[in-house]
Peer 1: 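My structure is below; once you've seen it, I'll send some questions.
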Number of protein chains: 2
Amino acid sequence: MLYTNTSSQDGPEGRVSSTIGAITQMMRSADLGPGDQLPSEATLSRDLNVSRTVIREAFRSLAAMRLIELSVGKRATVAELDYAALSPLIEHGVRTEQISVQQVYDVRRTIEQRTAALAALRRSDDQGREILAHATAMKVHADAPEKIMEHDLGFHLAIAKAARNPVFTLIVGAFEGVTRQTWPIGWRSRKDQAEQAIMLDLHEAIAGAIVEGHPQRAADLMAKHFDESIRALIVAGIS
Amino acid sequence: MLYTNTSSQDGPEGRVSSTIGAITQMMRSADLGPGDQLPSEATLSRDLNVSRTVIREAFRSLAAMRLIELSVGKRATVAELDYAALSPLIEHGVRTEQISVQQVYDVRRTIEQRTAALAALRRSDDQGREILAHATAMKVHADAPEKIMEHDLGFHLAIAKAARNPVFTLIVGAFEGVTRQTWPIGWRSRKDQAEQAIMLDLHEAIAGAIVEGHPQRAADLMAKHFDESIRALIVAGIS
DNA sequence: TTCTGCTATCCTGTATGACAGGTTGAGGCT
DNA sequence: AGCCTCAACCTGTCATACAGGATAGCAGAA
């Protein structure tokens, strides 16, 4: 009495895929929002006529796509958007040489010109302060590249958040992993302190333009910043 | 003799997460590229001292993130970049009202201005022909909105591919699902044939600028196109 | 009566064994 | 040499079992 399942037709991609579809459709029908609970694995197993194994693999898939969140002992919940969701994919593309670092920086340049302009228009006071704080912190820790990098990443992410469009945040977050791997290379290629100071000053200038509400200036400075960063990476021999 | 596993420390996130890390690191160490095979589930189960269950859930997660590809009977292989990888995440964000349609279009406007300019600079002859073909096909099927939409989607994706930066393709592809759901609304809001003709002409003009190699003109026309599309959605009451 | 602590219950994480069915390569037959 | 068959391997799914986290409800103490 193995297959009692002749009634539900599996798509050509197997039961797990069908189940993923069924669960997403169920979320849609029930109009579940972030934080809402999904049925338990056992319940879904009964309702969809598949084993708990299949439900679990479907859950894992949905969790990997950041549509739901799993935690032990508790039911699965609908997930909030997470800016880190896309990082693994981009890192994989770069590692397998399907994406070059320069291509990543070209996209960042395009996106962040816009986030800088939007941030200048839409930032809250708190967001303005946070952006400025990251920029000044970068200068303070001038001898600790690790800390400079963290504040640099925080700087760009804070600008994306201040642009008040979560899709931009998502995209900027997607590049954080790759940036973390390539940043030290670019930093080392800026040989003397003068070159390093130029980069730090640029960050401060961008923060200033955003805080003072000059979108065009913020965008232009951001473009300049990326031109300079890309140049530094080329000097270091990054393709 | 249940837990023989005291040697390998599980991270605080459970064995599946640790195993995902171990597998990605293994791919890195072995320098696996797209198409290369991973070890079998049984082998990994032995090597990593976890059950096949854990290996399978880790594989499902990696497959959901599009880092690997699974197929029955064959071993898992390292995946090529797939422009459709991000669609589910964006759709989820829109469905749960964490992202608005206008925010999606603002990002598309930003990105596709750039892809249009790059396409004008870098397109191959074949790519130019394909872009133009989509634009003219949209006019031919003027009475079949379904077909117009498909050629519209193909048009924008072809431009992204002609820009020769897979990250742009990835991002443009991410919005295909959402666009497919909102496109008909925008189309219906263009009441008379004159308004519809404007949109079709714009596509043809963009294709022309790309084929003739005018990046600035292509970008400007693309911006105009999105301004018009966003206006049409606002008229239709899309927030 | 209200607060506290314990327990029964539900739920997820992991392991194990079993079997159906797809895939592939090694031999053997023509 | 070319083709065919089959055994070995591999993934997909199911059933069952148990450890341990989470939680509500009940009982006892203040």
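Note that these values count all heavy atoms, side chains included, but never hydrogens, waters or copies made by symmetry. Chain letters run A, B, ... following the sequence lines, proteins first and then strands; every chain starts at 1.
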Peer 1: Without decimals, in angstroms, what is the distance between B:F59 CZ and D:dT11 P?
Peer 2: 7 Å
Peer 1: Could you work out, with salt bridge (charged side-chain N to carboxylate O under 4.0 Å, His left out) as the rule, every residue matching B:R108, not counting sequence neighbours?
Peer 2: B:E112
Peer 1: When you measure from the side-chain N and O atoms of A:R60 to the phosphate of C:dT14, is any distance below 4.0 Å, counting only OP1 and OP2?
Peer 2: yes
Peer 1: With sequence neighbours left out, what residues match B:H134 under ring pair (Phe, Tyr, Trp, His ring centres under 6.0 Å)?
Peer 2: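 Applying ring pair (Phe, Tyr, Trp, His ring centres under 6.0 Å) to B:H134 gives B:H151.
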Peer 1: For DNA chain C, which residues of residues 64-76 of chain A approach it to below 4.0 angstrom with any heavy atom?
Peer 2: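 A:S71, A:V72, A:G73, A:K74, A:R75 - these, ordered by number, are the residues of the stretch whose heavy atoms sit under 4.0 Å from the strand.
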Peer 1: Write down the distance between CG (A:L48) and P (D:dC14), rounded to a whole number of angstrom.
Peer 2: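 Whole-Å distance recorded here is 11 Å.
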Peer 1: Could you identify which residues of residues 39-46 of chain B place a heavy atom less than 4.0 Å from some atom of DNA chain D, listed by residue number, or say none?
Peer 2: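 Those residues whose heavy atoms fall under 4.0 Å from DNA chain D, taken from residues 39-46 of chain B in numerical order, are B:S40, B:E41.
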Peer 1: Side chains of residues 157-169 of chain A: which donor-acceptor partners sit under 3.5 Å, not counting sequence neighbours?
Peer 2:
residue: A:R164; atom: NE; partner: A:R122; partner atom: O; Å: 2.8
residue: A:R164; atom: NH2; partner: A:Q127; partner atom: OE1; Å: 3.4
residue: A:N165; atom: OD1; partner: A:V167; partner atom: N; Å: 3.0
residue: A:N165; atom: ND2; partner: B:Q103; partner atom: O; Å: 3.1

Peer 1: Mind checking whether B:M27 and A:R95 have side chains closer than 4.5 Å, heavy atoms only?
Peer 2: yes
Peer 1: Mind running a 4.0 Å heavy-atom check of residues 51-58 of chain A against DNA chain D and sending the residues that fall below it, in number order?
Peer 2: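 Listed by number, they are A:S51, A:R52, A:T53, A:V54.
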Peer 1: Ignoring hydrogens and angles, write down the donor-acceptor pairs under 3.5 Å from the side chains of residues 75-85 of chain B, residues two or more places apart or on other chains.
Peer 2:
residue: B:D82; atom: OD1; partner: B:A84; partner atom: N; Å: 2.9
residue: B:D82; atom: OD2; partner: B:R66; partner atom: NH1; Å: 2.4

Peer 1: With sequence neighbours left out, write down each residue that passes salt bridge (charged side-chain N to carboxylate O under 4.0 Å, His left out) with A:D125, or none if nothing qualifies.
Peer 2: A:R123
Peer 1: Could you tell me which residues satisfy side chain to side chain donor-acceptor pair (under 3.5 Å) with B:R129, sequence neighbours excluded, listed by chain and number?
Peer 2: B:D126
Peer 1: Just the rounded figure in Å: distance from P of D:dC9 to CD of B:Q37.
Peer 2: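 In whole Å, D:dC9 P lies 15 Å from B:Q37 CD.
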Peer 1: Sequence neighbours excluded, which residues qualify as side chain to side chain donor-acceptor pair (under 3.5 Å) partners of B:Q98?
Peer 2: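 Here the qualifying residues are B:T96.
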Peer 1: What is the distance, rounded to the nearest whole Å, between atom CG of A:N49 and atom P of D:dC14?
Peer 2: 9 Å
Peer 1: Using the test salt bridge (charged side-chain N to carboxylate O under 4.0 Å, His left out), find all partners of A:E69 that sit at least two apart in sequence or belong to another chain.
Peer 2: none
Peer 1: How would you list, by chain and number, every residue that makes a side chain to side chain donor-acceptor pair (under 3.5 Å) with A:R56, sequence neighbours excluded?
Peer 2: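 Only A:E41, B:E57 meet the side chain to side chain donor-acceptor pair (under 3.5 Å) criterion with A:R56.
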Peer 1: Can you tell whether the side chains of B:E176 and B:R180 come within less than 4.0 Å, N to carboxylate O?
Peer 2: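 The answer is yes: the pair qualifies as a salt bridge.
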